[in-house]
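Here is the structure we will look at, set down as structure tokens.
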Amino acid sequence: MASNQKLRDLEWLLQAFETESLNLHNISFYLSQPVSGCYQETENSMAINISSDCLEYFSLILIVLGPAKTSLLSLRNLEFHCVEWELEQVQNLGELLDSNLNIKQLVFMRNRFSEDCLSEFSDILKRNGAIKEVMFCESHIGTVGAIFLASALKVNESLEELQIWEDSIGSRGAEELSKMIEANSMLKLLTIFDSSSITATPLISAVLARNRGMEVHVWSGESGDKSSKVVEFTPQNTTLRIYKIDVSGACRVACALGMNSTVSSFDMTGVRLKSRWAKEFRWVLEQNRSLKEVTLSKTCLKDKGIVYVAAGLFKNRHLERLHLDGNWFSGVGLEHLLCPLSRFSALQCQANITLRSVTFGGSRTKIGRSGFAAILHMLSTNETLTRLAIVDDQSMRPDDFFRIFKSLEKNASLRCLSLQGCKGVRGERLLQAIMETLQINPWIEDIDLARTPLHNTGKADAIYHRLGQNGKPEPEPENDLLKDMPLTEPKCCRVFFCGQEYAGKATLCNSISQNFSSPKLPYIEQVRTLVNPVEQAVRTVGMKIKTFKDEDTKISIWNLAGQHEFYSLHDLMFPGHGSASFFLIISSLFRKPSNREPKTPMEIEEDLQYWLRFIVSNSKRAVQQCMLPNVAVVLTHYDKVNQTSQNLEATVNSIQKLRDKFNGYVDFYPTVFTVDARSSASVSKLTHHIRKTSKTVLQRVPRVYQLCNDLIQILSDWRSENYNKPAMKWKEFAELCQVKVPPLRIRSRRDNKEKIETRRRAVATCLHHIGEVIYFDELGFLILDCEWFCGEVLSQLIKLEVRRQSSAENGFISRKELEKILRASLQSQIPGMGSKVFENLEANDLIKMMMKLELCYEQDPSDPNSLLLIPSILEEGRGKPQKWQLGETLRLIHQLIVPAIQSLCHGVTLIENIMRPECVQNLVPPRYRKAQYVPLQQLKQALLSVPAETMYDYQHTWDSVSDSGKLVLRAGFDLARDLLSDDDFREVLHRRYHDLYNLAVELQVPPENNPDEEENSLSNAVESGKVDPSFSGIAKGVETVLQRLKIIEQEIRDLKQEIQGMRYYEHRLLIELHRKVNYLVNFNVHVEGRKVPNMFYFVQTENYSRRLVTTVISGMTALRLHMLCEFRREMHVVEDQVGCEVMHVDNTVVKCLAPYMTKFMKLVTFALKIGAHLAAGMGNLIPDLSREVAHLADSSVMYGAAGAVAAGAAGSAAMGRINGIRNQNRRGDIQQDLRSAQQWVVDFLRDRRCSTGKDIADKFGLWRVRYRDDGHIAWICRRHMIVRANEIIEVPI
């Protein structure tokens, strides 16, 4: 009965499945059970037990579950325990899985599969797209099962988890699964518990090689041992941990890691490795870009393996932490390991700059002497390492650790030092060294001394206490630290030798130095004859510096180069605020020492004046001028001068004029030294002057900090310790201050570092001002040997030939290309010289120096890789089209350089002149160029004053220049269109168009198509292309200028045609203008029968000059009435006209004359602007036309003119019509105004008894005539009476 009851339970289950009365999520099958039956474990979970004699029910249940039923749609998981599968049952399972796509998990516990069953199950997985997880536990699928699973999962795209527990899939099965991993990208979890650890290698290698985000866990239990983990990879924290692997497997994993991007932490602690693996791992370090941490602790790596790891670090740019403790290498391996972290030259770059933490040590690591030396060198030169751990070391002694901590005094990057378990960390001397290091180096945050003798004895507590203090900020003093430092008198004075080339500065310097160093003058006099040919044959090139001692004073002579190419260095080397220095301006009395051609007093005056202006202008740039520059004048080659020379007396007089001119700007020494620079006796008085003036200047200049004098000695000692290096990086200077200069030391990690850095820069600047170093804030280095820097570096940069070595045509070049050119140029001049430069300065430093000297500019200062503009390569070769024209250079100056100067120098007025081109082509000296220029505005005005037909061919003439009867420059001429830039010439045309349009509006002439529309669009384009006016924007604006160059070139081609059109337009307007003037002249001929002239004007006399009166105001006095010659189309001012005086202007006069004055002045103004003969002779009476007549035009006229410029042709025509309508409405008023003015003239002349023809001829030089053709009457001058006699008949009154 019991058995029947259980059978009913299974039948009930089948019935329940049929009636869909169950809602299950999980079903577990347990076969080979003693009793069959089913029971619900939970509300949604059921366990089905099937005994051995009821196995047919298992197939029936799978068949019943197969068709899709609503109640079974919630089924998710199926578990099979102790099932020995038959092929038909697997097929039934497949039908079930095909019909119910909600089943996600299959678990097989202690199942048995035949090969056919595994094949069928493989087919099920291939076609199923719903199952997410499959687990086999103790099911003995073996290699065959792994192969079938691999083939299925190559196709399957839904399975995410595969677990195989307590099985042995073998190496072949693992290889097939690895191939599956290469093809399958959906699998998220792979767990293998195999009897052999060999299965881990292909699996993890495939995961790494294909960059799969798959979690991998591989366990093994070999030879009956306890299970242990072999490999673990978790993508969530990107960590790969290998616990157990053979050497060949480790090499395979290393190969897979090379191009991997999913692993950031790699740990192989305890895995025994060989150098063969390290060789493969070197490639990993060179290629991998994701590894951040590598742990190889206790891997038994020896020296050869460490050498491979070190080789990989040279090219690695991503690894940050490396752990190598517990290995078996010696000092040789450690020396190689630390090599990429060290620098062996001041200019060498550290190979690896990303590694931040290194750990090594252990009882079997023998550091030795070579390893210890490598540690010291690394700590002294490394700039990136933040953590160093030396653990469980047994080989190093207390003295070694003492030296390690001393080297840390200059290390600003290390934050943590671990010496756990090191037996040599002991002793009071070492404790004292650690405390002193912490006093100097505030950047160290942690020192781990656990398990060391110093820690075990409790002495490390003081160290930990000091570390805590370094983390606390020092209390800020109330006053700045520098203000509390003692002051002292400076001990260094500089003498600047200024003068043109061939002045004898170098020879004079040698003679002075001989006076300082030796009293044996007779011997020096004997050497004089040997110096003469050398002086003539060799010319000093570049700046030279000589230094000597005078008691306790150091005097240095700075010989400023006289060659023109070195002038850009002079401003750079000018002494700063408070500098103890004075100047000797040296000028030769002869043009060249090789001949006896003397300089004129004017030439000497020009030489001295240039240097005086240089000194004064640079002195004014100082923030505060504590004393006037002290200047003395020295004239050399005096031995060649005839004592009775008149030139010498004239030269002394010109120098006296300069002394008066620069009085109040420089402190001029009253005596002019005339010397023979080769003779020590001749320069003895000058030497005494230098000694005396040096002491005086040192007493008068502001005192300097005692710290500066101390630093001079510290820097000298530093050079001695560093092979006499001539240059020092700013970082090295900061380290020196930190170690040697307590007032400039950062005392705590939380100190105000910017404040200390500012103090250091202030001290460096002070050293620069007193001439001990050359330092500029933006360059990042200090020059300790000034003569080396000026002679071997700056002189080479000034003469650098970039254009010959560069293919750039538009002036721009990349930094890398310029660095290449610098190396090639500086190393090819003199053998050995180039190498000395690059031993102390990097190519990038030289580029910064070029930018400081304005030899090149950055296109975009915000971009570190910005192109550089080098003006010297803007020149084009022969036969190439000119791509960089004068107009573009002028536009660059107008839009960028001039606004920058005006923004920096307020109140400065810049006057632009055009120099005669021949002066530039032939390099004419300045003294001959004084009259060889024309102001730009004057040339434009002259061009505007000529008719349009002559504008294109207008010539500006140049006078000749002679010197002592010798012709230097012949008289000549240049076309105005060649002297003006494209923009300036078009501006002249634009102004002429503007004036013509205004005249057309006034004369009511319908305008043509607006010829300046194109000009307006061009000006708008110029406005839109403007760049911020600053020096940093100069290079950036060049590119915009070049882009617009093609447009300008195309427009200039049409220039003649444009002028021709303007000529026609001007002709039409002139005809109308003359018609209007004739109307004014002949208007109302019945007024007294034209017995007086109609065209009159007023002049006011001021300071012996005449000024045209443009408007009359009540109360005006001292006016004179003048008349114009009225000959038609040739009206003009009559020369030497006496006129008639108007004593007083009252309201009646104003009422009669004001309307006439307004209209008449408009016509005169427009006529003058377009170069007409109408008002010839009147332009010199109007100093500023634009200002005088601005108030004359009414609002409608002026608005029309503005509209012509802004609105183009259509707007101009429309505005012209509006003005015409308004003028027509006012015609009656104008006629009345003319009558009133003419009647006033008649009455005024009658009152002055000037009513007869003879009286008018006497006062105004005009005679009354009648034209033969039309019978009109006019008053004309004597010249027209003679020239035009055949056209007129005199009609006397």
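One distance of note links CZ of R403 with CG of L408; it measures 13.0 Å at 0.5 Å rounding. With values rounded to the nearest 0.5 angstrom, F329 atom CZ is found 13.0 Å from H336 atom NE2. To the nearest 0.5 Å, the span separating OG on S357 from CZ on R415 amounts to 13.5 Å. Distance check, rounded to the nearest 0.5 Å: CG of L301 to CD1 of I306 gives 5.0 Å. Summarising the geometry, atom CG belonging to L285 is positioned 7.5 Å from atom CG belonging to L291; distances are rounded to the nearest 0.5 Å. Rounding to the nearest 0.5 Å places CG of N260 at 8.5 Å from CG of L240.
In this structure, a donor-acceptor pair under 3.5 Å is absent between the side chains of D393 and T365. Judged purely by distance below 3.5 Å, without hydrogens or angles, the side chains of N441 and E409 never pair a donor atom with an acceptor atom. Judged purely by distance below 3.5 Å, without hydrogens or angles, the side chains of D325 and T359 never pair a donor atom with an acceptor atom. When only modelled atom types and interatomic distance are considered, D267 and S265 share no side-chain donor-acceptor pair under 3.5 Å. Checked by atom type, the side-chain pair Q287/R282 shows no donor-acceptor distance below 3.5 Å.
Electrostatic pairing of E819 and R815 does not count as a salt bridge here, judged by no charged N lying under 4.0 Å from a carboxylate O. At a threshold of 4.0 Å, the pair K410-E732 does not count as salt-bridged, since none of the basic side-chain nitrogens sits closer than that to a carboxylate oxygen. Using a cutoff of 4.0 Å between basic side-chain nitrogens and carboxylate oxygens, D392 and R451 are scored as salt-bridged. In summary, E293 and R356 do not engage in a salt bridge, as defined by a charged side-chain N under 4.0 Å from a carboxylate O.
Residue pairs meeting the salt bridge (Lys or Arg N to Asp or Glu O under 4.0 Å) criterion with at least one partner in residues 360-388, sequence neighbours excluded, are R343-E383, R369-D400, E383-K731. For residues 416-432, the pairs satisfying salt bridge (Lys or Arg N to Asp or Glu O under 4.0 Å) are D399-R429, E428-K459, with sequence neighbours left out.
Scanning for salt bridge (charged side-chain N to carboxylate O under 4.0 Å, His left out) contacts around R289 gives an empty result, with sequence neighbours left out. By the ring pair (Phe, Tyr, Trp, His ring centres under 6.0 Å) test, F314 pairs with no residue at all, sequence neighbours left out. Partners of V271 according to the side-chain contact (heavy atoms from CB on, under 4.5 Å) rule, which considers only residues two or more places apart in sequence or in another chain, are I242, I245, M268, L273. The salt bridge (charged side-chain N to carboxylate O under 4.0 Å, His left out) check on E721 picks up nothing, with sequence neighbours excluded. Here R276 pairs with nothing under the salt bridge (charged side-chain N to carboxylate O under 4.0 Å, His left out) rule; sequence neighbours left out. Considering only residues two or more places apart in sequence or on other chains, H323 meets the ring pair (Phe, Tyr, Trp, His ring centres under 6.0 Å) condition with none of them. Judged as a ring pair (Phe, Tyr, Trp, His ring centres under 6.0 Å), and not counting sequence neighbours, W283 has no contacts. Every residue meeting the ring pair (Phe, Tyr, Trp, His ring centres under 6.0 Å) condition with F281, not counting sequence neighbours, appears here in chain and number order: W277. E772 meets the salt bridge (charged side-chain N to carboxylate O under 4.0 Å, His left out) test with K554; sequence neighbours excluded. Considering only residues two or more places apart in sequence or on other chains, D785 meets the side chain to side chain donor-acceptor pair (under 3.5 Å) condition with none of them.
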Would you check, one step at a time, whether the test side-chain hydrogen bond (donor to acceptor under 3.5 Å, both in side chains) holds for S264 with T238?
-> CA-CA 5 Å; S264 64; T238 64; 2.3 Å; yes

Begin with the C-alpha distance, continue with both residues' side-chain angles, and end with the deciding distance and a verdict on side-chain hydrogen bond (donor to acceptor under 3.5 Å, both in side chains) for T384 and Q350.
-> CA-CA 9 Å; T384 58; Q350 184 179 308; 2.8 Å; yes

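Using cut-offs of 30° and 60° for the angle between ring planes, the H377 and F344 rings count as parallel.
Under the side chain to side chain contact (heavy atoms under 4.5 Å, CB included) test applied with L313, the options V358, L337, L341, T354 reduce to a single match, L337.
Residues Y775 and W730 place their aromatic rings such that the two centres sit under 6.0 Å apart.
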